[in-house]
2 protein chains.
Amino acid sequence: MESADAPLPGAPGRRRATAAMVADRAQVSTATVSLVANGKSRGRVSAVNEARVLQAIHELGYVVDGIGSSLSRGVSSTVIMVAPDISNPFFANVIAGVRTALGQDYQLLLSVTDAGTLPSAADTRRLLSLRPAGLLVDAPDEAFLEELSAPDPLVLLDAPGLGERFAAVNLDVAHGARELAGHLAAAGHRKVAYVDGITGTATFELRRAAFLAAADALGLEVPDAACLATTIDVGVVASEFASVWPAWQQAGVTAVACATDTHAYGILQEARARGLRVPGDLAVAGFDDLPYSRTSNPSLTSVHLPGEELGRQAAQQLRRLMAGEMLEDQELTLASSLVVRGSTTVD
Amino acid sequence: MESADAPLPGAPGRRRATAAMVADRAQVSTATVSLVANGKSRGRVSAVNEARVLQAIHELGYVVDGIGSSLSRGVSSTVIMVAPDISNPFFANVIAGVRTALGQDYQLLLSVTDAGTLPSAADTRRLLSLRPAGLLVDAPDEAFLEELSAPDPLVLLDAPGLGERFAAVNLDVAHGARELAGHLAAAGHRKVAYVDGITGTATFELRRAAFLAAADALGLEVPDAACLATTIDVGVVASEFASVWPAWQQAGVTAVACATDTHAYGILQEARARGLRVPGDLAVAGFDDLPYSRTSNPSLTSVHLPGEELGRQAAQQLRRLMAGEMLEDQELTLASSLVVRGSTTVD
DNA sequence: CTGAAAGCGCTTACAG
DNA sequence: CTGAAAGCGCTTACAG
């Protein structure tokens, strides 16, 4: 009968149990406790001792101290993920993938900064002083990587163009962009607009460049005036669109491609507010293929990006690096593909 | 002239600099280095030595090792925030507030789990084994707090009813709920529906209970059939609403109150799709007052919840706890208030 | 003002 | 199979 207020010998008060206390109670050395607690006892600890240690661990509620362990081993079992934009449905998928691949062996911790910003040099140094076993960086920019200068296990996500210098998992957004341009051209559009993100994120530049190039090759014209760039906010997009639409209409624009689905939602909303038929008067499409795009009204044609897969693969690469392995492919690229829905086609 | 490939004495190869290396170079003891590096030199280190140490720190790029420091001091300078729902615009505000109040003294790390879930007992123990200086827990449930059982510096956010046992910062959602009921009653509505979240989060229960009670007191009827509960997903809400609307309409429902703005967006969307005039045929309102609610079409009447303030106050309380102070008020409650917009009133 | 030394909790050769 | 001991990098009384 163990009651909480009758402190067990070796577990005085509410102090957390140490390996020494466990060793005491099990009548073994702390070396043995360490072996058992870390599952390294195979052929190195007798069955009897193993049982006693396990018993003592259970009784004292012992958990290996992360700090002591990290100091001794030189690294922690923490994986830190740095990301500029946490409040984004797409990002939630990426995280889910990372967690899946990391499993129980590493603890995932997120380092967040202000919207759209990466940590400063000082922040980064403090982060590294926690000795993470590995680092995952989403949508990094040059400046950040400069500061980092760390050859620690590091994998970049969604960092097109950086795969030469760092391990990275990227999305082949260009392929989807070309499919989208092809789809719009095939549907008979001749003049299209492009709505971009306003942060200079590499993936956005890639989306736009690939789309514009493909459009050009297909004889799809993107009038100079028909380009817009806004923050990723439905309301902002809607109001900006409201003010440029007359000019676009004048120019003969009949379709809009957007850098993200969220941008597209803004267009859909405003189009509806002014009685435009979608896709009749205006076809709309985006990138990301967020869950909502399946159920929006009309449903949204979008370039599907495998967010969860992105997270999973990045975490798998990181695991290899953390295990000291070499990477077969330093850069991985995941396919994207167009999902055609109601916002660009009538059934 | 220092070149990167000519290792400085005391900084061989690319190994990170230690206090010992700094001490060596500055010709002082590591004790002195520690004092200077931590800004505790005031009146304890001579100006000369301080300058030399600072110089050496700079030259070697020394950063105090977080692990060594934590082990020695017994705690880290990390604050871990545990939250069940990271991909929520409201949550981004909370985080921003936390970061502001925490400042440079502590590093904020987020521990995320799968959507709507809090960490398991095992996860929690591993988290605590990192010896965080403090813990922030958003929307916790009983079970989680049970497991935690930690009297460590801990502040709960959005945990109505738990303020007795733990330090907490809560939102007075009941007040906003009553205002909302009052507003709808004053506008002449007699039958209203309620759309709830599906997770049993305490704040959702509070919102609903307060709204229903106030409605009852005002003679506003909420027909039994006119209650819906769905996940926080615009698409899901829209399709669920589509199937129940005929019955609601039959019952004479002319207004809908929603547990979150996101729910309300789903209603707005579907209402629009079926040609309902808002607020003419149906008035719609939510809780959260997300940024988009100002710009949606129509703009959304919503109970404003001060997310950033919530984060800031929670972090401030935690700082007091971490500094060893007593809390004047163990439970803080922030006001909520109704913001009336186009979805419930014609101009 | 300064430094030698103990100690934080653990892991890992090493000797037995 | 087992344990004594060194060492990870730092901080903090303590003695001077």
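Residue numbers start from 1 in every chain, and the chains themselves are labelled A, B, ... in the order their sequence lines are given, proteins ahead of strands.
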- Nearest-Å distance for atom pair CG/C1', residues B:Leu60 and D:dG9: 15 Å

- Message: Taking B:Asp123's backbone N and O only, do any of them form a donor-acceptor pair with B:Ser120's side chain (distance below 3.5 Å, no angle check)?
- Response: yes

- Task: Respond yes when some side-chain nitrogen or oxygen of B:Ser70 is under 4.0 Å from OP1 or OP2 of C:dC8, and no when none is.
- Result: no

- Short N-O contact, A:Glu142 and A:Arg165, less than 4.0 angstrom: yes

- From the list C:dT11, C:dT2, C:dG7, which nucleotide is the closest neighbour of the side chain of B:Ser72? C:dG7

- Note on the structure: Looking only at heavy atoms, the pair that brings B:Leu321 and B:Leu154 closest together is CD2-O, 3.7 Å

- For atom CE of B:Met21 and atom C1' of D:dG9, their distance in whole Å: 11 Å

- Would you mind checking if A:Arg131 and B:Asp65 are paired as a salt bridge, meaning a charged N to carboxylate O distance below 4.0 Å? yes

- Task: Name the nucleic acid region contacted by A:Val33, choosing base, sugar-phosphate or nothing; use a 4.0 angstrom heavy-atom cut-off, strictly under.
- Result: nothing

- Taking the side chain of B:Ala31 as its heavy atoms from C-beta onward, which of D:dT12, D:dG3, D:dC10 lies nearest to it? D:dT12

- Task: Counting heavy atoms from C-beta on, name the nucleotide in D:dC10, C:dT2, D:dT12 closest to the side chain of B:Ala19.
- Result: D:dC10

- Query: Among D:dG9, D:dT2, D:dT12, which is the nearest nucleotide to the side chain of B:Ser34?
  - Reply: D:dT12

- Checking N1-N3 plus N6-O4 or O6-N4 for Watson-Crick, or N1-O2 and O6-N3 for wobble, each under 3.5 Å, the partner of C:dA13 is none

- Closest nucleotide of DNA chain C for B:Ser41 versus for A:Leu35: which of these residues is on the 5' side? B:Ser41

- Contact class for A:Arg42 vs. all strands (heavy atom < 4.0 Å): base, sugar-phosphate, or nothing? nothing

- Item | For C:dA4, the Watson-Crick or wobble counterpart (both distances under 3.5 Å) | none

- Query: Between atom CG in A:Asn49 and atom C1' in D:dT2, what is the gap in whole Å?
  - Reply: 8 Å

- B:Lys40 has an atom NZ; how far is it from atom C1' of D:dT11, in whole Å? 7 Å

- Closest to the A:Val64 side chain, choosing from C:dT12, D:dC10, C:dC10: C:dC10

- Query: Between C:dC10 atom C1' and B:Leu71 atom CG, what is the distance in whole Å?
  - Reply: 8 Å

- Task: Provide, to the nearest angstrom, the distance between the CD atom belonging to A:Gln27 and the P atom belonging to D:dG3.
- Result: 10 Å

- Does B:Ser29 place a side-chain N or O at less than 4.0 Å from the phosphate oxygens OP1/OP2 of C:dG3? yes

- Could you check whether B:Arg44 gets within reach of a base, just the sugar-phosphate, or nothing at all, counting any heavy atom under 4.0 Å? base

- Indicate yes or no: at least one non-hydrogen side-chain atom of A:Val79 is less than 4.5 angstrom from one of A:Pro132. no

- Query: Whole-Å distance between C:dC10 C1' and B:Asp65 CG?
  - Reply: 15 Å

- Note on the structure: Winner on side-chain proximity to B:Arg131, out of C:dC8, D:dT11, C:dT11, is C:dC8

- Task: Could you tell me whether the phosphate oxygens of C:dT11, OP1 or OP2, come under 4.0 Å of any side-chain nitrogen or oxygen in A:Ser69?
- Result: yes

- Item | Rounded distance (Å) that lies between atom C1' of C:dC10 and atom CD1 of B:Ile67 | 12 Å

- Query: Which atoms form the tightest heavy-atom contact between A:Ser111 and A:Leu127, and what is the distance?
  - Reply: OG-CD2, 3.8 Å

